[in-house]
Amino acid sequence: MLDIQFIRDHAELVAEKSAQKGYKVDILKLLEVDAERRDLLGQVDALRARRNENADKMKGVQGKPDQTIIDEGKQIKIELAERETYLNDVESKFGELMQGVPNVAFDDVPVGGEEDSTEIKQWGEQTTGAEDHLDFATKRDWVDFERGAKVAGAKFYYLKGDLALLENAITQYALDVVTKKGFTFMTVPHMANARISTGTGFAPRSDDQEDQYFIENEDLALIGTAEVSLTGYHADEIIDEDKLPLLYAGLSPCYRKEAGTYGKHARGLFRVHQFNKLEMYAYTTPEQSREMHERILAIEEEIWQNLGIPYHVINIASGDLGAPAAKKYDVEYWSSVDGKYRELTSCSNCTDFQARNLNIRVRRKDGKVEVLHTLNGTAVSLARSLIAVLEHYQTDDGKLRIPTVLQPFMGGRTEI
RNA sequence: GGAGAGAUGUCCGAGUGGUUUAAGGAAACGGUCUUGAAAACCGUCGUGCCGGCAACGGUACCCAGGGUUCGAAUCCCUGUCUCUCCGCCA
């Protein structure tokens, strides 16, 4: 969430920026509730001060206090209970309204919807004429969606044989790259509780636009990305400034219901309920985050260039950013089957939005404590990486060539 | 899953109803002393919220949420987590 002080000081800006993201936010209502909350807080504090005064009078005194103190205490207790109940209602209302305010997008984010995202870079050759990845892989018995459906339902699958080995090779390669860039490799919990999920920016259980799988009778959901586990990692912690930036790389399966997305491009491995992903994650000081965002993007580009996959980079428009991000880059690979770019990875600067939700702060050298910044970026999402390789490495004699950088992780084989 | 024990500040740790505004120690930071350092001594040393230009004042927080009481770190209930033992198990 945002800093309430920032909202008070920049009400119009927040209203405008929220609208540009497509969020309906009633800032006036929020400020009204905020004022009410502060007023009640003052009343409650005053009552508590009176109660404490009476308790102070008993210091060093044995036995029961005077009847007047008891009577006054009883009266304070009644008033306090009433005011506190009222305050609780107002606080939860306030919390709901705060929750509904998205992060403020940077000024260099294009305003508008999906079609307004701007291309900032192109790399590689826009080839055409490859065989569809699903047909290509199914013929070679590398993927089995039918049995996936039998066991778990539509959009679940088995990877088999050389393609499963190739997935492993891509993971190993990406791991090699990010660890050399200073990211600490981690495996993470595949489930997270509601506080961590919501704080990261994923809708709570009650929301009907649900993308999460929940565990019955537990306060747990399967993670949609390791970003959730990596954001929660430092929840409620204060990190010394000289330890930042902290760089982590989390490998995990990602579980997504993808409800309501069936109209979108969904063939084969492109949109599935479960896929593996290696996620980069950074905790930085507020002044480091913009540079770190560029750094994470550069690592993503390095991976795709070394894999020889043509791509472009887009600066995502405000309406497509989602609540937590202040700025987001997507890397889209060139599909030589569809003749267009398709989403492959993305990286976001969430500034202090997630960190404030989960109470993650930095202690400055001068002792001051403030909310830090978090960023995330995909190193590789495995299902989609496989599609990109399957489309770009088909040989004339029906084999799949192995990208050079992956060969060491495929036992030196050059094709499969 | 069953039984028992526990959870206090950056860390260790005292505290079973009212001189605790959380003792004491360690670490850290500043200073005195010293050629420099160590030691010693002195001082500073949690977080949030509200008010204030500020100094500062008020308030809350001793795992979390309820309860008892004029008054709760302390008593009661529930939950979470940790440890020990038992069971099960890759």
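Here is the naming used below: chain letters follow the sequence lines, and residue numbers restart at 1 for every chain.
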Inset, instruction - Taking only the side-chain nitrogens and oxygens of K77(A), find out if one of them lies under 4.0 Å from OP1 or OP2 of G71(B). - result: yes
Inset, instruction - Between K368(A) and I4(A), just flag the one whose closest nucleotide in RNA chain B comes earlier from the 5' side. - result: K368(A)
Inset, instruction - Check for a donor-acceptor pair, side chain of R361(A) on one end and backbone N or O of V369(A) on the other, with a separation under 3.5 Å. - result: no
Inset, instruction - Check every strand shown and say whether N52(A) touches a base, only sugar-phosphate, or nothing at a heavy-atom separation below 4.0 Å. - result: sugar-phosphate
Inset, instruction - Figure out the CG/C1' separation between N359(A) and C61(B), and round it to whole Å. - result: 12 Å
Legend entry - Atom pair distance, as rounded to whole Å: CD1 in I360(A) and P in U47(B): 17 Å
Legend entry - U20(B) versus C77(B) - spacing of their C1' atoms, nearest Å: 26 Å
Inset, instruction - With P as the reference atom in both, quote the distance from C41(B) to A27(B) in angstrom, rounded to an integer. - result: 12 Å
Legend entry - Least distance between heavy atoms, N193(A) atom then I196(A) atom: OD1-N, 3.0 Å
Inset, instruction - Would you please indicate yes or no on a ring centroid separation below 6.0 angstrom for H373(A) and F353(A)? - result: no
Legend entry - Nearest-Å distance for atom pair CG/C1', residues L87(A) and C49(B): 11 Å
Legend entry - R361(A) side-chain proximity, nearest of C49(B), A60(B), U47(B): U47(B)
Inset, instruction - Mind checking R83(A) for me? I need base, sugar-phosphate or nothing, with any heavy atom below 4.0 Å counting as a touch. - result: nothing
Inset, instruction - Considering just the side-chain nitrogens and oxygens of R38(A), establish if one lies under 4.0 Å of OP1 or OP2 belonging to C49(B). - result: no
Inset, instruction - Looking at every strand, decide which applies to R37(A) at a 4.0 Å heavy-atom threshold: base, sugar-phosphate, or nothing. - result: sugar-phosphate
Legend entry - Greater than 12 external heavy atoms within 6.0 Å of E287(A)'s CD: yes
Inset, instruction - Please measure how far the C1' atom in A40(B) lies from the corresponding atom in C33(B), and state the result in whole Å. - result: 9 Å
Inset, instruction - Return the value, rounded to whole Å, for the distance between atom CD1 of I238(A) and atom P of C45(B). - result: 16 Å
Legend entry - Gap separating the CG atom of N52(A) from the CG atom of L47(A), nearest 0.5 angstrom: 11.0 Å
Legend entry - Rounded P spacing from A5(B) to C75(B) in Å: 14 Å
Legend entry - Spacing between L40(A) atom CG and G51(B) atom P, to the nearest angstrom: 13 Å
Legend entry - Rounded C1' spacing from C11(B) to G48(B) in Å: 22 Å
Inset, instruction - Could you tell me whether the phosphate oxygens of A60(B), OP1 or OP2, come under 4.0 Å of any side-chain nitrogen or oxygen in R51(A)? - result: yes
Legend entry - Interatomic distance at P, G13(B) relative to G66(B), whole Å: 30 Å
Legend entry - R195(A) vs A64(B): side-chain N/O to OP1/OP2 distance below 4.0 Å: no
Inset, instruction - Determine the interplanar angle of the Y157(A) and F145(A) rings, folded into 0 to 90°, and report it as parallel if under 30°, tilted if 30 to 60°, perpendicular if over 60°. - result: tilted
Legend entry - Nucleotide U80(B), atom P - distance to CD1 of I196(A) in whole Å: 17 Å
Inset, instruction - Grab the CG-P distance between D219(A) and A64(B) for me, whole Å please. - result: 17 Å
Legend entry - Residue whose nearest RNA chain B nucleotide is more 5′ - I70(A) or R48(A): R48(A)
Legend entry - Rounded P spacing from C63(B) to G9(B) in Å: 7 Å
Legend entry - Base G58(B) to side chain D45(A), donor-acceptor N/O within 3.5 Å cut-off: yes
Inset, instruction - For the pair F156(A) and H273(A), name the ring-plane relationship: parallel under 30°, tilted 30 to 60°, perpendicular over 60°. - result: tilted
Inset, instruction - Using a cut-off of strictly less than 4.0 Å, decide whether R363(A) has a side-chain nitrogen or oxygen near OP1 or OP2 of U47(B). - result: yes
Legend entry - Presence of salt bridge, K93(A) and D34(A), under 4.0 angstrom: no
Inset, instruction - Describe, in one word, how the ring planes of Y283(A) and Y248(A) are oriented to each other, choosing from parallel (under 30°), tilted (30 to 60°) and perpendicular (over 60°). - result: perpendicular
Legend entry - Whole-Å gap separating P (A7(B)) and CG (D236(A)): 20 Å
Legend entry - Secondary-structure stems for RNA chain B, with pairs counted as Watson-Crick or G-U when both distances are under 3.5 Å and runs at least 3 long: B:1-7 with B:80-86, B:10-12 with B:24-26, B:28-32 with B:40-44, B:46-51 with B:56-61, B:63-67 with B:75-79
Legend entry - Distance, C1' atom - from A72(B) to G15(B), rounded to whole angstrom: 13 Å
Inset, instruction - Identify whether any heavy atom of V44(A) sits under 4.0 Å from a base atom; if not, whether one sits that close to sugar-phosphate; answer base, sugar-phosphate or nothing. - result: nothing
